[in-house]
2 protein chains.
Amino acid sequence: MKGYLWTGGHGSPSNPDAPVIEGRLAPWEAIAVDAVGNVIEFWGFKRNQGRVWALLYLRGEPLTAGEIERELDLSKGGVSMLLRDLERWGVIQRVRLPQDTVWRYGAETDLVRMVRHVIEEREAGFVARIRADLSEARRLAEVAGTVPSERLERLEKMATLAEHVERALRLFIKTSRLDVSGVLAVFRDGASRRNER
Amino acid sequence: MKGYLWTGGHGSPSNPDAPVIEGRLAPWEAIAVDAVGNVIEFWGFKRNQGRVWALLYLRGEPLTAGEIERELDLSKGGVSMLLRDLERWGVIQRVRLPQDTVWRYGAETDLVRMVRHVIEEREAGFVARIRADLSEARRLAEVAGTVPSERLERLEKMATLAEHVERALRLFIKTSRLDVSGVLAVFRDGASRRNER
DNA sequence: GGTGCAGTTCAAGCGGTCTTGAACTATATG
DNA sequence: CATATAGTTCAAGACCGCTTGAACTGCACC
């Protein structure tokens, strides 16, 4: 609703009653784009990061920031930041067509990389931190000398629990990495194997 | 992590008649409790749910709501709601000691159940929704008849991606379920196998 | 240099979630 | 029955992250 681009130049200036022409996005596209946005949000990212990727992927050809802004009804600044994130994670590519002066952005096929990347990063710093905290707690408790051994034991068990959770998380990351190969295969060989499920 | 270190001046070190003596929480306890709070928050729950569970688990004996309120410096209403959630998920138990008039709450050993429970629940409704949305998008696109087949293909690939992600998630849940048995084993047989990693 | 457009940055505002604290119910006790 | 304490509910507000929109830079072309 609030981008300002379409208020000026390119719209249908003939009809002042039609307030907004934003929705060039077809209904089916809107649904698909939002579905991806929801998934991605579920995984701890910004909803609009998923929507941008989905739009670029569905269109198949690189779009400009302005087009994305209009199609998804986002602000100029927002699009800039979203694109930067996506590019940094390697899930979109910035390209400049030969005789063209503006940047365009195209989707890489594996969105999963994005999920993996950030999950991994998070996990790294995070789990390390937790472990450090728990050892510190253990150290303090031992130094104090006044802590009943039975409680110390519980503390140690808690650390073990953390390790188990960590292991499950690692496994998950590894799994989804494996899974990518399947996904990429699907993406690579044309339309051959749809509906295989 | 904002580290709610309640370093405020509520000192009142050694005064038997002081009205309220919060912060009986030993430093090592505070660290451990917060560590669990952070993990749990990472998994999409409330930080204080994790802190309450951790406190109950570390203490080993059931505490009253009032004690929890004081130790963790939470509000009365908040504790009530947190305990209700935790009880509903089966990770704490409400007990009434024989000659006692108040409820006390004790930790079950497997916090993982909580994570699993809610993740499963979320996943169920969520993934179903995504799939429904994507088929709807496909239906609309086909009905429209004007969508280039190449884009339809992309839409289908996107659905496939969603299925793959779903499969990874399912696997993860299954994995963490398996993992629980390991964790529970640790909890059951004393302090035997620490540091096995 | 000047104009206009593409792109970036960031303070301010918005919206959604969590916590608080007061009012309320429930239960035990003299 | 009055009182006190335990426990619940929920509106108001604190809090925090995301988005916006304006000011800015950079670049191309006239």
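- One donor-acceptor pair, N or O on each side, does fall under 3.5 Å between the base of D:dG7 and the side chain of B:K76.
- Without hydrogens or angle criteria, B:E136 side chain to B:D133 main chain gives no donor-acceptor distance under 3.5 Å.
- As judged by a 4.0 angstrom heavy-atom cut-off over every strand, B:R96 is placed among residues making no nucleic acid contact.
- One atom, CG of B:L83, and another, P of D:dT9, lie 13 Å apart when rounded to the nearest Å.
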Exercise. Should A:N38 and A:R47 be marked as a side-chain hydrogen bond (donor to acceptor under 3.5 Å, both in side chains) after you check the CA-CA gap, both sets of side-chain angles, and the distance that decides it?
Worked result: CA-CA 6 Å; A:N38 290 335; A:R47 176 189 161 78; 2.5 Å; yes
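- Comparing D:dG7, C:dT20, D:dT20 against the side chain of B:L74 picks out C:dT20 as the nearest.
- Closest contact between the side chain of A:M81 and the listed nucleotides D:dT8, C:dT8, D:dT19 involves D:dT19.
- For B:N48, a side-chain nitrogen or oxygen approaches OP1 or OP2 of C:dT19 to under 4.0 Å.
- The distance from atom CD of A:E87 to atom P of C:dT8 is 9 Å, rounded to the nearest whole Å.
- The CD1 atom of B:I92 sits 12 Å away from the P atom of D:dG7 (whole-angstrom rounding).
- Of the candidate nucleotides D:dG7, C:dT19, C:dT8, C:dT8 has the atom nearest to the side chain of A:R94.
- Here the P atom of nucleotide D:dT5 and the CG atom of B:D100 are 15 Å apart, to the nearest Å.
- As a whole-Å value, the separation of B:D85 CG from C:dC18 P is 10 Å.
- Using a 4.0 Å heavy-atom criterion, one finds that A:R104 contacts no nucleic acid atom at all.
- Proximity note for B:S75 (side chain, C-beta onward) versus C:dG21, D:dC18, C:dG7: the nearest is C:dG21.
- Salt bridge A:R94/A:E87: present, at least one basic N to carboxylate O contact under 4.0 Å.
- Remark: B:D85 engages B:K46, B:Q49, B:R88, B:W89 in a side-chain contact (heavy atoms from CB on, under 4.5 Å) (not counting sequence neighbours).
- At least one side-chain nitrogen or oxygen of B:R84 sits closer than 4.0 Å to the OP1 or OP2 atom of D:dT9.
- Residues passing the side-chain contact (heavy atoms from CB on, under 4.5 Å) test with A:T64, sequence neighbours excluded: A:E67, A:V102, A:R104.
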Polar-atom pairs under 3.5 Å, protein N or O versus N or O of nucleotides 28-30 of chain D: list them with distances, or write none.
none

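- The closest donor-acceptor contact from the side chain of A:W53 to the backbone of A:E108 lies under 3.5 Å.
- Across all strands, A:K46 comes closer than 4.0 Å only to sugar-phosphate atoms, never to a base (heavy-atom distances).
- Expressed to the nearest 0.5 Å, how far OG of B:S149 lies from CG of B:L155 amounts to 12.5 Å.
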